[in-house]
Amino acid sequence: MKQKAFIFDLDGVIVDTAKYHYLAWQKIAAQLGIDFTHEHNELLKGVSRVRSLEIILGLGNIEASQEDKDKWLVEKNEDYLGYITNMKEDEILEGVVPVLDFLKENGQLIALGSASKNARPILEKVNILHYFDAIVDGNDVTNAKPDPEVFVRAAQLLGKTAQDSIVFEDSVAGVQAANIANMVSVGIGHKDILNEARFNFNDFTEIDNNFLKTLVNE
């Protein structure tokens, strides 16, 4: 069997931390008098914390000083960290662990490519850090998706080319980043939203070993 680089996003792919991001951003928005809905939250998928705040301020047509922005970014992150402190293994999305097990048992390389700056503590909390040969998160990159920097760096750390890399993503920006990097994009979520992905599944329970073997042997 060939050896490929399998790169996973974190939020919405491995664990559902989107709900915690939403609660933390909603609290900031409420302070600013902005009605922040689940639909608005979709705009934040796959983008950096700084860009997320800019989007929320745009929703309320609010201009703010850098000092205020920095304060809100810290508040948001502190609230978010409070939520994820109590995360456990049962918060790993269904079907993820069997896929990680199959890849590990068959000598494949696994990396995380996430905009989250809290990726490592989350992986530790849910007890799957040991699966990953490399981790690239928001602390390691300067450009947000759809810029492919996070995935390119992950592939480099694994010693693999873009052509030998497969990316699992739940956001449009993430799928676009994988495609820009000429990597195989696997969308996890609704096909109508992630229609630019080369392959698409609603969740990992739909991914079987034969599909993974196909990705490896392409």
inquiry  = Tell me whether K104 is salt-bridged to D133, with the criterion being a basic N under 4.0 Å from an acidic carboxylate O.
reply    =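 Result for this pair is yes, salt bridge flagged.
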key: Under-4.0 Å salt bridge between E54 and R49   = no
Using 0.5 Å steps for rounding, measure from the [atom1] atom of [X] to the [atom2] atom of [Y].
X    : Y    : atom1 : atom2 : result
F151 : S165 : CZ    : OG    : 10.5 Å
L44  : I55  : CG    : CD1   : 5.5 Å
N209 : E105 : CG    : CD    : 8.5 Å
R120 : S114 : CZ    : OG    : 10.5 Å
K125 : I84  : NZ    : CD1   : 8.0 Å
S171 : L194 : OG    : CG    : 7.5 Å

remark   = Partner of F6 under side-chain contact (heavy atoms from CB on, under 4.5 Å), picked from L103, V99, L109, is L103
task = Could you walk me through whether I207 and L212 pass side-chain contact (heavy atoms from CB on, under 4.5 Å), step by step?
result = CA-CA 8 Å; I207 297 178; L212 295 173; 3.9 Å; yes
Closest heavy-atom contact between [X] and [Y]?
X    : Y    : answer
A177 : D147 : CB-O, 3.8 Å
A181 : A162 : O-CB, 3.1 Å
K4   : I166 : CB-CD1, 3.8 Å
V175 : G187 : CG2-CA, 4.5 Å
Y131 : V97  : OH-CG1, 3.7 Å
L123 : I135 : CD1-CD1, 3.9 Å

task = Give the C-alpha distance, both sets of side-chain angles, the deciding distance and a yes or no for side-chain contact (heavy atoms from CB on, under 4.5 Å) between I122 and M87.
result = CA-CA 8 Å; I122 290 173; M87 288 184 73; 4.2 Å; yes
Find out whether [X] and [Y] are in side-chain contact, i.e. whether some heavy atom of one side chain is under 4.5 Å from a heavy atom of the other.
X    : Y    : value
V184 : V167 : no
L32  : L57  : yes
I110 : L100 : yes
I188 : D9   : no
I28  : F36  : no
I34  : I62  : yes
K191 : N195 : no
I193 : H190 : yes

Do you reckon [X] sits in the same ILVMFWY cluster as [Y], going by side-chain contacts under 4.5 Å, direct or chained?
X    : Y    : answer
L112 : V126 : yes
V136 : M183 : yes
V186 : I180 : no
I7   : V141 : yes
L158 : L129 : no

Does [X] have more than 12 heavy atoms from other residues, nucleotides or ligands lying within 6.0 Å of its [atom1]?
X    : atom1 : value
H130 : NE2   : yes
Q66  : CD    : yes
Q31  : CD    : yes

inquiry  = Could you walk me through whether Y20 and E91 satisfy the side chain to side chain donor-acceptor pair (under 3.5 Å) test, starting with their C-alpha distance in whole Å, then the side-chain angles of each, then the deciding distance to 0.1 Å, before giving a yes or no?
reply    = CA-CA 12 Å; Y20 301 133; E91 295 203 55; 2.9 Å; yes
For [X] and [Y], indicate whether the former's side chain and the latter's backbone hold a donor-acceptor pair under 3.5 Å.
X    : Y    : answer
K160 : A155 : no
H40  : L59  : no
N106 : Q108 : no
K69  : V50  : no
Q26  : Y22  : no

Between [X] and [Y], a side-chain donor and acceptor under 3.5 Å:
X    : Y    : value
E196 : Q176 : yes
H21  : N41  : no
S116 : D137 : no

inquiry  = Using the rule given for salt bridge (charged side-chain N to carboxylate O under 4.0 Å, His left out), can you reason through D164 versus K2, listing the C-alpha separation, both sets of side-chain angles and the distance that settles it, and then say yes or no?
reply    = CA-CA 10 Å; D164 283 331; K2 296 178 183 177; over 6 Å; no
message = Applying side-chain contact (heavy atoms from CB on, under 4.5 Å) to D79 and N77, what does each step give before you reach the verdict?
response = CA-CA 5 Å; D79 284 337; N77 196 48; over 6 Å; no
key: Stepwise side-chain contact (heavy atoms from CB on, under 4.5 Å) test for K213 and F102   = CA-CA 10 Å; K213 288 177 184 176; F102 176 85; 3.7 Å; yes
task = Evaluate salt bridge (charged side-chain N to carboxylate O under 4.0 Å, His left out) for R198 paired with E169, printing each intermediate quantity in order.
result = CA-CA 11 Å; R198 180 170 170 186; E169 259 287 354; over 6 Å; no
task = Take the angle between the ring planes of F204 and F168 and call it parallel below 30°, perpendicular above 60°, tilted in between.
result =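 Aromatic pair F204/F168 classed tilted.
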request  = May I ask you to establish whether K76 and Y80 are in a cation-pi arrangement, using a distance under 6.0 Å from NZ or CZ to the six-membered ring centre and at most 45° from the ring axis?
outcome  =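 Yes, cation above the ring, under 6.0 Å and within 45°.
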